[in-house]
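The structure under discussion appears below in the form of structure tokens.
Only this structure's heavy atoms are used, side chains among them; waters, hydrogens and symmetry mates stay out. Below, chains carry the letters A, B, ... as their sequence lines are ordered, and counting in each starts from 1.
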2 protein chains.
Amino acid sequence: MSGKGAKDIEALIELMARLPGLGPRSARRAVLHLIKKRGLLLLPLAEAMQKVGTTARECLNCGNIGTGDVCDICADDARANGQICVVEDVADLWAMERARVFKGRYHVLGGVLSALDAVGPEELRIPRLIDRVSTETVNEVILALPATIEGQTTAHYIAERLPQTRVTSLAQGVPVGGELDYLDDGTITAALNARKTF
Amino acid sequence: MSGKGAKDIEALIELMARLPGLGPRSARRAVLHLIKKRGLLLLPLAEAMQKVGTTARECLNCGNIGTGDVCDICADDARANGQICVVEDVADLWAMERARVFKGRYHVLGGVLSALDAVGPEELRIPRLIDRVSTETVNEVILALPATIEGQTTAHYIAERLPQTRVTSLAQGVPVGGELDYLDDGTITAALNARKTF
């Protein structure tokens, strides 16, 4: 790409092109930009990636990404308000947190049930959720799953397995087929405030 | 973004969002992807960036990016065919190299003349080009500059300063595979004016 040599630069371009949202052309553009901003961007980025790469891990309790065995939210006693919000993945947890309306803890399933993709409860963090509800003091499980068929199937599956617990789900207001990560904060807030017993 | 903690992850997202082509949302998506592909992508990327950040530098001769004082093309005697191709930036040099049609060496200006942005010849690598033409054995200087007003102003400026040298520029016309219907008037005019006997 950059001639006969500069193998390091070509290797970097190839890796960058594997990022979601970047293709070969934008990866080349990004790498040139990085080289121009070596001190301000390239080296700090290398360091930040190294750091995250060595420290980031899944929370053993909820599946969130953090830097210890237990994530910051699970480690924060102030978040133990008896509510667990169940989300599909970490991006959805981040979207909830940006809305700043939910004060409890989370449970990240790591996907939704899908017969087509052979994703069963054991592939997800569903057994761990059942376990948490029976061992922690949980007043309410809030299902913040996608408004898709798979998401709602997953919601039903979880609700059936928690007959002793108040299970709610985000109010309608979430567009059908929409994904949490793409919603604005206002919609998320409205949906959470208008939640109904599942 | 990711809650109260995980500062390292937030720092990485902020840096990623500064890349051209990525905004805050796609940066979050990219970082989650990176964390999921820690061993395959995140750590190799950190290493590749570190390597490029410490070794990449501008070629003292032509302005290309390489890993030594002189880039691979300038270091390759087989490329000394008496032709110098003048480009605006390294991305253009890479585009020329991908076409595998030019066998000479390059000169990367680092921009084009612009009265509006106060970019004069001294801000670009133009004096160094004049210097190269007078010291190296140069038969032809090929101007591969953008077909914009600034690009063409720069081309004229350079040609005037090299009265003893054959100076050519890339032909203008219909792109290969291009449909007339999608071309701008300027390109059609240029292609008509430069028409050849069939």
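Of the listed residues (B:Arg25, B:Lys51, B:His33), the greatest number of heavy-atom pairs within a distance under 4.5 Å of chain A belongs to B:Arg25. Highest contact tally toward chain A, considering only B:Val52, B:Asp89, B:Thr54, is held by B:Val52 [criterion: heavy-atom pairs under 4.5 Å]. Note: B:Ala30 leads B:Ala30, B:Gly21, B:Ser26, B:Gly39 in heavy-atom pairs under 4.5 Å with chain A. Chain A forms the most heavy-atom pairs under 4.5 Å with one residue out of B:Leu41, B:Thr67, B:Thr55, B:Val90, and that residue is B:Leu41. Between chain B and the residues A:Gly53, A:Ala11, A:Ala48, the largest count of heavy-atom pairs under 4.5 Å involves A:Gly53. The residue among A:Lys37, A:Arg100, A:Gln50, A:Glu47 with the most heavy atom pairs within less than 4.5 Å of chain B is A:Gln50.
Cluster annotation: B:Ile130 and B:Leu143 are assigned to the same hydrophobic cluster (Ile/Leu/Val/Met/Phe/Trp/Tyr, side-chain heavy-atom contacts under 4.5 Å, transitive). Note on B:Val86 and B:Val108: separate hydrophobic clusters, where clusters join Ile, Leu, Val, Met, Phe, Trp and Tyr whose side-chain heavy atoms are under 4.5 Å apart, directly or indirectly. Hydrophobic clustering of Ile, Leu, Val, Met, Phe, Trp and Tyr side chains at less than 4.5 Å, counting indirect connections, unites A:Leu162 with A:Leu109. Connection of B:Ile9 to A:Val70 is not established within any shared hydrophobic cluster, with ILVMFWY side chains joined at heavy-atom distances below 4.5 Å, either directly or through further cluster members. In the hydrophobic clustering of this structure, B:Leu129 groups with B:Val167; members are Ile, Leu, Val, Met, Phe, Trp, Tyr whose side-chain heavy atoms approach within less than 4.5 Å, directly or through other members.
Put simply, CG on B:Leu19 and CG on A:Leu22 are 7.0 Å apart, with the number rounded to the nearest 0.5 Å. Atom CD1 in B:Ile35 sits 10.0 Å away from atom CD in A:Glu58 (nearest 0.5 Å). Interatomic distance, A:Leu45 CG to B:Met49 CE, rounded to the nearest 0.5 Å: 4.0 Å. The distance from the CD1 atom of B:Ile13 to the CH2 atom of A:Trp94 is 3.5 Å, given to the nearest 0.5 Å. In this structure, CG in A:Leu42 is found 10.5 Å from CG in B:Leu15, a value given to the nearest 0.5 Å.
B:Arg28 places no side-chain N or O within donor-acceptor distance of the main-chain N or O of A:Asp181, the cut-off being under 3.5 Å.
Heavy atoms of B:Arg38 lying under 4.5 Å from chain A belong exclusively to its side chain. Of the atoms belonging to B:Leu34, it is side-chain heavy atoms, and not backbone ones, that fall under 4.5 Å from chain A. Using a 4.5 Å cut-off between heavy atoms, A:Tyr182 touches chain B through backbone and side chain atoms alike. When heavy atoms are compared at a cutoff of 4.5 Å, B:Met96 does not approach chain A at all. Both the backbone and the side chain of B:Arg29 come within less than 4.5 Å of a heavy atom in chain A.
No more than 12 heavy atoms of other residues, nucleotides or ligands shown are found within 6.0 angstrom of CG on B:Asp185. Atom CD1 of A:Ile149 sits in a sparse spot, with 12 or fewer heavy atoms from other residues, nucleotides or ligands closer than 6.0 Å.
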